[in-house]
Amino acid sequence: MAWAELFGPAMLGDLVVALATIGLGIWLPGLVALRRLRSRHWWEKKAGFYQDLVATLGRLKQIEDAALQHESEGGAQDAEAAMRTAWDHEEARQRLHGLANEGLVLMPPEIQEAIRRYFRGMDLARGKDSAVERQIERATVTNDALVEVIAAARKDLGVRG
């Protein structure tokens with residue numbers, strides 16, 4: 001058998017088909033695995049972001065609820081405790097601002113709108129006549145934002161239950 005017969009057009013055609021099959025056999029599963037990895041990584045990143053967001057809103061809710069309880073009981077808070085509470089609130093509020101900016105790509109519009117409503121509602125609460133009304137409004141706005149963010153995050157992540 002001569003070299004010309006061994007590497008004839010039929011053999012070259014079979015070789016091209018074999019190489020294409022091997023290439024697709026390696027490339028296609030690799031592509032599927034890479035997409036699955038990216039998808040899982042993206043989901044984990046979003047889940048971590050939502051966890052931080054909910055924790056921050058939860059911290060703000062704790063602060064607002066404690067302030068509302070204290071205000072409704074009518075007791076005067078000592079200066080050091082008032083400063084610590086104000087500091088904690090401002091720190092959590094700044095964290096929420098940071099998360100809102102960081103998560104523009106990660107958050108669906110429902111969560112972005114809930115955070116906007118939170119900041120708007122907190123600004124509007126300053127205009128209330130009494131301290132108790134102001135505190136009730138702040139606690140309500142914070143609670144509403146937390147509930148909305150949790151619902152939207154669960155929907156976005158596909159969490160049921």
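Taking all atoms of both residues into account, the shortest heavy-atom contact from A145 to A114 is CB-O, 4.2 Å. Residues L157 and K46 come closest through the heavy atom pair CD2-CB, 3.9 Å. Residue R93 comes nearest to M122 through the heavy atom pair NH1-CB, 4.0 Å, listed as atom of the first residue, atom of the second, then distance. When every heavy atom of L68 is checked against every heavy atom of A139, the shortest pair comes out as CD2-CB, 4.0 Å. Here the closest heavy-atom approach between residue T142 and residue L57 is recorded as CG2-O, 4.0 Å.
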(request) Show the numbers, then the answer: is there a side chain to side chain contact (heavy atoms under 4.5 Å, CB included) between H89 and E64? (result) CA-CA 8 Å; H89 187 273; E64 296 299 343; 2.6 Å; yes
(message) Run M107 and I115 through side chain to side chain contact (heavy atoms under 4.5 Å, CB included) and show every step you take.
(response) CA-CA 11 Å; M107 291 186 295; I115 292 172; 3.8 Å; yes
(request) Dump the intermediate steps for side chain to side chain contact (heavy atoms under 4.5 Å, CB included) on D52 and R95, then the final yes or no. (result) CA-CA 9 Å; D52 287 348; R95 177 72 180 138; 3.4 Å; yes
(request) Check the pair I111, D156 against side chain to side chain contact (heavy atoms under 4.5 Å, CB included), reporting the backbone distance first and the verdict last. (result) CA-CA 10 Å; I111 292 180; D156 188 33; 5.7 Å; no
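Under the side chain to side chain donor-acceptor pair (under 3.5 Å) criterion, E90 pairs with Q94, not counting sequence neighbours. R117 pairs by the salt bridge (Lys or Arg N to Asp or Glu O under 4.0 Å) definition with E113, E148, not counting sequence neighbours. Looking at residues two or more places apart in sequence or on another chain, you find no salt bridge (Lys or Arg N to Asp or Glu O under 4.0 Å) involving D144. With sequence neighbours left out, the salt bridge (Lys or Arg N to Asp or Glu O under 4.0 Å) criterion links D123 to R126. Shown here are the side chain to side chain donor-acceptor pair (under 3.5 Å) partners of R59, two or more places apart in sequence or in another chain: Q62, D88.
Residues L99 and V147 do not share a hydrophobic cluster, defined by chaining ILVMFWY side chains whose heavy atoms lie under 4.5 Å apart. Hydrophobic clustering (side-chain heavy atoms under 4.5 Å, transitive across Ile, Leu, Val, Met, Phe, Trp, Tyr) groups L96 together with Y50. The cluster map of Ile, Leu, Val, Met, Phe, Trp and Tyr, joined by side-chain heavy atoms under 4.5 Å apart, puts I63 and V132 in different clusters.
Distance NZ/K128 to CZ/R138: 13.0 Å, rounded to 0.5 Å. Atom CG of L60 sits about 9.5 Å away from atom CG of L146, to the nearest 0.5 Å. Note that the CD atom of E80 and the OG1 atom of T85 stand 10.5 Å from one another [nearest 0.5 Å].
Contacts classified as ring-ring contact (aromatic ring centres under 6.0 Å, His included) and involving residues 113-136 (residues at least two apart or in different chains) are given here: H97-F119.
Judged by distance alone, with hydrogens and angles left aside, the side-chain atoms of E137 form no donor-acceptor pair with the main-chain N or O of L124 at under 3.5 Å.
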